[in-house]
Novice: 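Take this structure, written in structure tokens, and hold onto it; I'll ask about it next.
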Amino acid sequence: MKLSKQALIALGVTGTGVLSAADLTREQLNQMLEETAKNPVTSKLSPAAMCYRMAAPLERIEYTCPLCKAKTLHAKRETAWRIYRDLEGYRQKMKRIKELGLDAALDETDCCSQCRKDKTTEDINFRILVTVGNRMIRTELEVYDLNKIVAFLERKDIWEGGQGSTHPLKPELPRIRKILGMERGEAKK
């Protein structure tokens, strides 16, 4: 995505593309969304590799909560595999998102038997908490949401999916707006 020099200055971006110490404001995010919406959809995308063998899912995994330090043993295969497959990647992407200036946190409380609100199920969901201004938005994560947010904050026209595949970012703007709490009717508030 190409932004004009004035747009970059207005967004608080230095010549190196790194945000200043201040977090992104609602106005800056709205301007970035509008700029991305104006860009054409990239048509040159890479196909995903299909020449690999899937790893067998884990039978169980022990999770240590970063909030309360409690240990939880997940013996349900789907839950153990989801924690193993997704959690570390989500944590790394959240670190990058914060470096890019968005005030956000990963909610992984469903993984902890002490912190989870619904103790009747072992199913887990990861959520992203985004604070823009004085408003916090909590959204349940879909598999590649954080990849889309990173690409958006890095001002790219494409986002990376699994096995090295790339996808246009523009069709994902409604999802990005939802995660940022800036859906069409709310963008100017």
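Values below: all heavy atoms of this structure, side chains included; hydrogens, waters and symmetry mates excluded.
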Novice: Group every Ile, Leu, Val, Met, Phe, Trp and Tyr by side-chain heavy-atom contacts under 4.5 Å, then state whether Tyr84 and Leu87 land in the same group.
Specialist: yes
Novice: Starting at CD1 of Ile158, measure out to OG1 of Thr166 and round the result to the nearest 0.5 Å.
Specialist: 4.5 Å
Novice: How is the hydrophobic cluster of Met136 composed, in terms of its other members, when Ile, Leu, Val, Met, Phe, Trp and Tyr link through side-chain heavy atoms under 4.5 Å apart, directly or indirectly?
Specialist: Leu129
Novice: Which one of Leu100, Val130, Leu153, Leu180 satisfies the side chain to side chain contact (heavy atoms under 4.5 Å, CB included) criterion with Leu24?
Specialist: Leu153
Novice: Hey, does Ile97 have a side-chain heavy atom less than 4.5 Å from the side chain of Phe152?
Specialist: no
Novice: Identify the two heavy atoms, one from Lys119 and one from Cys115, that lie closest to each other, and give their separation to 0.1 Å.
Specialist: NZ-N, 4.4 Å
Novice: Checking salt bridge (charged side-chain N to carboxylate O under 4.0 Å, His left out) against Asp145, which of Arg175, Lys178, Lys93 comes through?
Specialist: Arg175
Novice: Starting from the C-alpha separation in whole Å, work towards a yes-or-no answer on side-chain contact (heavy atoms from CB on, under 4.5 Å) for Ile149 and Ile176.
Specialist: CA-CA 7 Å; Ile149 295 296; Ile176 293 169; 3.9 Å; yes
Novice: Find out whether His167 and Glu172 are in side-chain contact, i.e. whether some heavy atom of one side chain is under 4.5 Å from a heavy atom of the other.
Specialist: no
Novice: What's the separation between atom NZ in Lys69 and atom CD in Gln114, rounded to the nearest 0.5 Å?
Specialist: 14.0 Å
Novice: Look up atom CG in Leu169 and atom CH2 in Trp159, then write down how far apart they are to the nearest 0.5 Å.
Specialist: 9.0 Å
Novice: Can you sort out the partners of Arg91 under side chain to side chain donor-acceptor pair (under 3.5 Å), two or more places apart, ordered by chain and number?
Specialist: Glu108
Novice: Keeping Lys71 on the side-chain end and Glu62 on the backbone end, is there a donor-acceptor pair under 3.5 Å?
Specialist: no
Novice: Using the rule side chain to side chain contact (heavy atoms under 4.5 Å, CB included), only one of Thr72, Thr121, Thr109 pairs with Arg116; which is it?
Specialist: Thr121
Novice: Thinking salt bridges, do Glu34 and Arg177 make one under a 4.0 Å N-O criterion?
Specialist: yes
Novice: Quick check: is Val143 connected to Val150 through a chain of hydrophobic side chains (ILVMFWY, heavy atoms under 4.5 Å apart)?
Specialist: yes
Novice: Find the distance between CZ (Arg60) and OG1 (Thr79) and round it off to the nearest 0.5 Å.
Specialist: 12.5 Å
Novice: Would you find a donor on one side and an acceptor on the other, under 3.5 Å apart, between the side chain of Asn147 and the backbone of Glu160?
Specialist: yes
Novice: Could you list all the ring-ring contact (aromatic ring centres under 6.0 Å, His included) pairs where at least one residue sits in residues 90-138, not counting sequence neighbours?
Specialist: Tyr90-Phe126
Novice: Locate the shortest heavy-atom distance separating Gly181 from Ile137; write the atom from each residue and the value.
Specialist: CA-CG1, 3.6 Å
Novice: Quick one: do Arg155 and Glu35 make a salt bridge, cutoff under 4.0 Å?
Specialist: no
Novice: Treat each ILVMFWY residue as a node, draw an edge where side-chain heavy atoms are under 4.5 Å apart, and state whether Tyr144 and Ile128 are in one component.
Specialist: yes
Novice: Just how far is it from atom CG of Leu106 to atom CZ of Arg127, taken to the nearest 0.5 Å?
Specialist: 10.0 Å
Novice: Are Trp81 and Ile61 in one and the same hydrophobic cluster, where Ile, Leu, Val, Met, Phe, Trp and Tyr link if side-chain heavy atoms are under 4.5 Å apart?
Specialist: yes
Novice: Apply the test side-chain hydrogen bond (donor to acceptor under 3.5 Å, both in side chains) to residues Gln31 and Glu27: give CA-CA distance (whole Å), side-chain angles for both, the deciding distance (0.1 Å), then the verdict.
Specialist: CA-CA 6 Å; Gln31 184 177 354; Glu27 292 78 24; over 6 Å; no
Novice: Answer yes if Leu173 and Val132 sit in the same cluster of Ile, Leu, Val, Met, Phe, Trp and Tyr residues linked by side chain heavy atoms under 4.5 Å apart, and no otherwise.
Specialist: yes
Novice: For the atom pair CZ (Arg82) and NE2 (His74), what is the distance rounded to the nearest 0.5 Å?
Specialist: 11.5 Å
